[in-house]
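Read through the structure below, which is laid out as structure tokens, and then see the notes.
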Amino acid sequence: MAKKYLITSALPYINNIPHLGNFIPLLRSDIHVRIKKLQGKDVLYICATDESGTRTEIEAEKKHMTEEQYCKIMHKKFKEILDWFSIDLDYFGRTSSKSNHELTKEIFMDLNKQGYICEKEVTLLYCPDCKRYLPDSYVEGTCPHCKTPGAKGDQCDACSKFINPEELIEPKCKLCGQKPTVKKDKHLFLDLPKFSNKLKKYIEENKNFHGIERNLPLAWIKEGLEPRCISRNLKWGVKIPIKGYEDKVFYVWFDAPIGYIAATKDYCDKNNLNYKDYWQNKDTQIIHFMGKDNVPFHTIIWPSELMSNKKWNLPSRIYSNEFLNYLSGKFSKSNNRGVFCDDVLKLKYNSDTWRFYLSSVLPEGKDSDFEWQEFMDKINNELIANYANFAYRIISIAKRFGEITPLTEEKLNKSEKDILKKIKENIANYLNENTRGNLKEALRNALNVSSLGNQYFQENKPWELIKDDNKKEEANHVLWFSFSILLNVSLLLHPFIPTKTKEIINLIAPGFSINNALKDKKPSIINKNITITEAKPLFAKIEEEEIKELKKKF
RNA sequence: AGCGAGGUGGAGCAGUUUGGAGUGCUCGUCGGGCUCAUAACCCGAAGGUCGUAAGUUCGAGUCUUACCCUCGCUACCA
């Protein structure tokens, strides 16, 4: 059976409209999937909204809705955003789905049967007024160390010391301001120490785990894992299917990654496929994209859950990204700081523009910053000047020239053969960088090809050739080869800016199949007549004035 | 505080796995060319004691140690 790939992007939390930083794993995974499709690989691309948790109950209550109603509305908003950005998911599921509830219970029961679940008594804060158990971050009070008021239940912002919420002076419920009481309750724990050896072996033996994805879990294991609490005193979520836990649900992070399997199952059920071909067939590779904050969950807790039963495939590769910050600080909805995905939909720039800019500043090796000036520079000086201008100058001349007839590879002269050779090298590097998770470099390789195109165009001066009736044939040759270069750049850029490149490919090579185009890792040449009747710029340049406005607005 | 990641011309990044002359890329700057194209394109040049200090080595951006700075995690935010 041919190798399959199941690719996921970290499940966005239903309560937070993603900002551009949260959007990075979605963009990277989408590009990665599209590049794999160019290679003709069998890929399934899955994501879902993560809908459990205390915040969902609180947000729904604030809006006077049931959790179900609230999540449905929010899920639709997320879907609109993903569609707008051309995030080409095969399926966008929900962790509140029936399939996720069933699979979560199934995996839990397997873990429990094998003795991987233990029970412990824990001390919790309870707000009698809200009738709700309070997570640490929902409790506020005076820091016992530095006496600063307004310290949260987990850490004091002023002295940055950790706080045991019971030690807070004058603790208050963040929701109603009343004083919470201390309660003891029994909870379930995933007995992580029992997985230490298996996890260590799994990570050490998997050569695809690099950097943080390897060192962080190995460091945690070396220090000694602790059991992780997986139950919560909430109503909304996956019910715990054992006696004595009827009033509790699973911790979001227990059922969230199972959402990857559930979404796969929902997709497969609708398309006459079997989800086990993805999750239990050893020929399938599971690949997860996420932000760096998510790495402990995906390298320790999630594989442990899957080790409940030998049948599940473990993640074979993890691509984590650093953070994209806003003007050297954090994005923050509550402080109204930064650009959020729903803002982007209201601005005048199309999704390709945003995708290109974000692709060119992907935080792959270290944190990077969103900067408006840089947004303008990258779009004007790289996307437009390099690629869009190349396309526009050929199209403009071709329109004046008339019908272009294709030639065959034997007609190529030495410099043209050299260009094809260089394109081939760029394709090889592009694919290699994609596999290594360096999409910013892959983009660079794509743009190298349009630089080759601009050079070729400059040297061969088709604008002179078309004026000379004796040089019609030569003009045809140069234009045809220029278009062939343009086809190759457009293919390589397609995963990054899918909309505009598709238009160009349809214009210059109608019927050309984008999927599989790089299967042989070879450049493509155009083999049909090309007639251009209209020429217009691909993107509008961004003006200084616009940037000034945006800087004021955000 | 502990653990993890990062610090490389004016800006942004590769390069560190396996040590071999500061090597490379994009943007910006400066000089020249071109006039098909959205002041776009092409050619050339300048610009760096690789966070700091010490060490190993014939040789360190790369290995070791200490320190400084940025970010993440530290187990009930998700």
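All heavy atoms count here, side chains included; hydrogens, waters and symmetry mates do not.
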Can you identify which nucleotide, out of B/A75, B/G28, B/C3, has its nearest atom closest to the A/N381 side chain? B/G28
Have a look at A/L124 and say if it touches a base, only the backbone sugar-phosphate, or nothing, with a 4.0 Å heavy-atom cut-off. base
Is A/L538 touching bases, backbone alone, or none of the nucleic acid, heavy atoms closer than 4.0 Å? base
Choosing from B/G15, B/C42, B/U8, which nucleotide comes nearest the side chain of A/R436? B/G15
Gap between atoms CD and C1', on A/E226 and B/G2 respectively (whole Å): 13 Å
Sugar-phosphate, base or nothing in reach of A/V361, heavy atoms under 4.0 Å: nothing
Side-chain N,O (A/K222) to OP1/OP2 (B/C3) below 4.0 Å: no
Result for 5'-nearest mapping on RNA chain B, choosing between A/H187 and A/E374, is A/E374
Distance in angstrom units between A/K330 NZ and B/C73 C1', rounded: 12 Å
At 4.0 Å (heavy atoms only), tell me whether A/K467 reaches a base, stays on the sugar-phosphate, or touches nothing. sugar-phosphate
Hey, does A/E322 reach any base, or is it just sugar-phosphate, or nothing, if we go heavy atoms under 4.0 Å? sugar-phosphate
Establish, for the pair A/K333 and A/F340, whether the NZ or CZ atom is under 6.0 angstrom from the six-membered ring centre and no further than 45 degrees off its axis. yes
So what does A/F390 hit on the nucleic acid, given a heavy-atom distance under 4.0 Å: a base, only sugar-phosphate, or nothing? nothing
Would you indicate what A/R214 reaches in the nucleic acid, counting non-hydrogen atoms under 4.0 angstrom: base, sugar-phosphate, or nothing? nothing
Heavy atoms from C-beta onward define the side chain here; which of B/U38, B/C42, B/U35 lies closest to that of A/Q458? B/C42
Are the ring centres of A/F539 and A/F356 closer than 6.0 Å? no
Can you check whether A/R228 has a side-chain N or O nearer than 4.0 Å to OP1 or OP2 of B/C76? yes
Describe the nucleic acid contact of A/Y133 in one word from base, sugar-phosphate, nothing, applying a heavy-atom distance below 4.0 Å. nothing
Counting only side-chain heavy atoms from C-beta out, which of B/C41, B/U35, B/C76 sits nearest to A/E464? B/U35
Which is true for A/P537 with a 4.0 Å heavy-atom rule: it touches a base, it touches only sugar-phosphate, or it touches nothing? base
Select one nucleotide: of B/A78, B/G7, B/C36, the one nearest the side-chain heavy atoms of A/F297. B/A78
Taking 4.0 angstrom as the limit, do A/E441 and A/R444 come out as a salt bridge? no
For A/G53 and A/L234, which heavy atoms make the closest approach, and how far apart are they? C-CD1, 3.7 Å
Select one nucleotide: of B/C3, B/C76, B/A78, the one nearest the side-chain heavy atoms of A/Y13. B/A78
Counting any heavy atom closer than 4.0 Å, what does A/Y138 reach on the DNA or RNA strands: base, sugar-phosphate only, or nothing? nothing
May I ask you to check whether A/W354 and A/F23 place their ring centers less than 6.0 Å from one another? no
Looking across every strand, which nucleic acid part, if any, lies under 4.0 Å from A/R55 by heavy atom: base, sugar-phosphate, or nothing? nothing
Residue pair A/L111 / A/D191, side-chain heavy-atom distance below 4.5 Å: no
Distance between C1' atoms of B/U62 and B/G33 (Å, rounded): 41 Å
Side chain to side chain donor-acceptor pair (under 3.5 Å), that's the test. Do A/S368 and A/N325 meet it? Break it down for me. CA-CA 6 Å; A/S368 62; A/N325 294 315; over 6 Å; no
Counting any heavy atom closer than 4.0 Å, what does A/S52 reach on the DNA or RNA strands: base, sugar-phosphate only, or nothing? nothing
Would you say A/Q455 places a side-chain N or O within less than 4.0 Å of OP1 or OP2 belonging to B/C41? no
Can we call the ring centroids of A/W253 and A/F297 under 6.0 Å apart? yes
Looking only at the side chain of A/E382 (C-beta and beyond, no hydrogens), which of the listed nucleotides B/C27, B/C36, B/U38 gets closest? B/C27
Students often get this wrong, so: under 4.0 angstrom with heavy atoms, is A/G224 touching a base, only sugar-phosphate, or nothing? base
Under 4.0 Å, counting only non-hydrogen atoms across every strand here, what does A/Y392 touch: a base, just sugar-phosphate, or nothing? base
Taking B/A11 as the reference, what is the distance to B/U18 when you measure between their C1' atoms (whole Å, please)? 32 Å
NZ/NE/NH1/NH2 to OD/OE distance under 4.0 Å, A/K440 and A/E364: no
Take atom NZ of A/K440 and atom P of B/G24, then tell me their distance rounded to the nearest Å. 20 Å
Residue mapping more 5' on RNA chain B - nearest nucleotide basis, A/S137 or A/D377: A/D377
Return the set of residues passing ring-ring contact (aromatic ring centres under 6.0 Å, His included) with A/F78 (not counting sequence neighbours), or none when no residue passes. none
Inter-nucleotide P distance (B/C36, B/C30), Å rounded: 25 Å
At less than 4.0 Å, is any side-chain N or O atom of A/K541 found next to OP1 or OP2 of B/A40? Yes or no. yes
Rounded interatomic separation in angstrom, taking CZ from A/F375 and C1' from B/C27: 16 Å
In whole angstrom, give the distance that lies between atom CG of A/N426 and atom C1' of B/U26. 13 Å
Between P on B/A37 and CZ on A/R400, what's the gap in Å once rounded to a whole number? 6 Å
Proximity to the side chain of A/N215 - top-ranked nucleotide from B/A14, B/A5, B/C71: B/A5
Quick check for you: among B/C71, B/U38, B/G2, whose closest atom lies nearest to any side-chain atom of A/E223? B/G2
Choosing from B/C42, B/A75, B/C36, which nucleotide comes nearest the side chain of A/I397? B/C36
So what's the dot-bracket for RNA chain B: Watson-Crick or G-U pairs under 3.5 Å, [ ] if a pair crosses, | if it pairs off-strand? ((((((((.[[[[[)....(..]]]]].(((((.......))))).....[[[[[..)....]]]]])))))))....
